Number of protein chains: 2
Amino acid sequence: MPIERRPLRDQIREELMLRLDRGDFAAGTDINEVALAGELGVSRTPLREALITLAGEGVLESNQGRGFRFAPVSRKEFRELCAIVAALEALALESSDPAYLEKIAPELLGLAQDFSDNIAERQDIERHDDEWHDLLLSGCGNERLLDLITSVKAGMRRYAHLMTGESTPLERAAEEHCRVAERLLDGDLEGAAAALRDNWVNGMERMMSRIP
Amino acid sequence: MPIERRPLRDQIREELMLRLDRGDFAAGTDINEVALAGELGVSRTPLREALITLAGEGVLESNQGRGFRFAPVSRKEFRELCAIVAALEALALESSDPAYLEKIAPELLGLAQDFSDNIAERQDIERHDDEWHDLLLSGCGNERLLDLITSVKAGMRRYAHLMTGESTPLERAAEEHCRVAERLLDGDLEGAAAALRDNWVNGMERMMSRIP
DNA sequence: ACTATGAATTCTGCATACAAAATATTACAT
DNA sequence: ATGTAATATTTTGTATGCAGAATTCATAGT
């Protein structure tokens, strides 16, 4: 088996995102480099490299002389990010092969349906939602676009753990996913893209109240 | 006067982009960290930090064990990037204040017109074009979107110096800019966004032949 | 009690040092 | 002459070290 050989900075970045998803860090928290490096068992150099990439994705901020901290959340920024991914995912969908989309449409519909059935843990929900979107965009040949989408979404993960329990928003999301899938079944690409945009806009509205 | 106090990595990044614009580095060139650091008069640490941010923007690639190199150019990637900025700039335009847009429309038109008049150096042309687009988007309140656009455009600069002499594409671009400005004068936001998208798509087509 | 000033401490930003991987070079065998 | 193995060199990836900025704490003055 090929042993893992990739830069520490990548592994560190991954681990930090994992911890962010677990809600280990509150927004606005300063990062202590020596402490975190010690905790991770690495030196400050690759840690700082990881922090810099995260800052580039908007997960962190850096200020001269006072290091890095998790970027604070705000309704304004959340709105902005939602508008961006909405546009990017719609573009990705529109530049996908229509034939391929029709082929995966049933699967998308199925996923969306048993999405509403089992109301599980928050993390499961998110994973499920992410997988659905990934599958939806799997036919897009624009690699840079897909990379960009993942990068922007990384910047949104800070908002994920604000979405606690409550099933109503979840059911609404599942409904919207169904609507997208149905449009694709009909071969209506533009309609699907519009429905996808709606999904993001509505999702934004749903979250809004929970953000300070 | 407040003296300049910002991280070396930022200044280094800026300097490298400047050199990239000057055409100092060919696409695909490997970067020798010690040599470049010496040339810039800095240590490898902040240089590597700058390289990592540039890699995040797609200007560079990094491979385990063999460092950084300027990402090779390809028609496919250029197409992809154009599609992305087209969508992002259109979004920025659509989420701007219509009243403000109408106000700056005359200026945009004027700039586009004397754009075609003086056919100057390549660098001047690019600067002029950039300024026009910056002004166009200056009314967009979505800060994250504007940041993202500059970041994606940074990844496109590798293609800029391929656009040498020849005035025809330039005149076409100016025409298209005029069209966008005219739509804005009429208060036709959607039309302007569509014209803007066209500008990017056509610009892409124009460049295509010059890319290997 | 509260503010201001200055020392002590903590932490970042940058430089240097070291180890391992990748590349180049040489020697040798076919 | 060509290909290959062994060795030397270069270069990256990571760790450590050091100077200065930012913060904290303590003390003095009002």
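Order of the sequence lines sets the chain letters (A, B, ...), proteins ahead of strands, with each chain counted from 1. Predicted model, so just to flag it, every value in this text is computed and none were measured.
Rounded to an integer number of Å, the gap from Asp30(A) CG to dC11(C) P is 11 Å. Rounded to an integer number of Å, the gap from CD1 of Ile12(B) to P of dG13(C) is 14 Å. Glu61(A) has its CD atom 17 Å from the C1' atom of dT12(C), to the nearest Å.
The aromatic rings of Phe70(A) and Phe25(A) sit parallel, their planes meeting at an angle under 30°, below the 60° perpendicular limit.
Salt bridge status for Glu176(A) with Arg206(A): present, with a side-chain N to carboxylate O gap under 4.0 Å. At a threshold of 4.0 Å, the pair Glu80(B)-Arg144(A) does not count as salt-bridged, since none of the basic side-chain nitrogens sits closer than that to a carboxylate oxygen.
Residues Thr53(A) and Arg13(A) come closest through the heavy atom pair OG1-CD, 3.7 Å. Counting all heavy atoms, side chain and backbone alike, Arg69(A) lies closest to Gly28(A) at CD-O, 3.8 Å.
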Its contact letters, B for base, S for sugar-phosphate only and - for none at protein heavy atoms under 4.0 Å, make nucleotides 9-19 of chain D read --SBBBBBB--
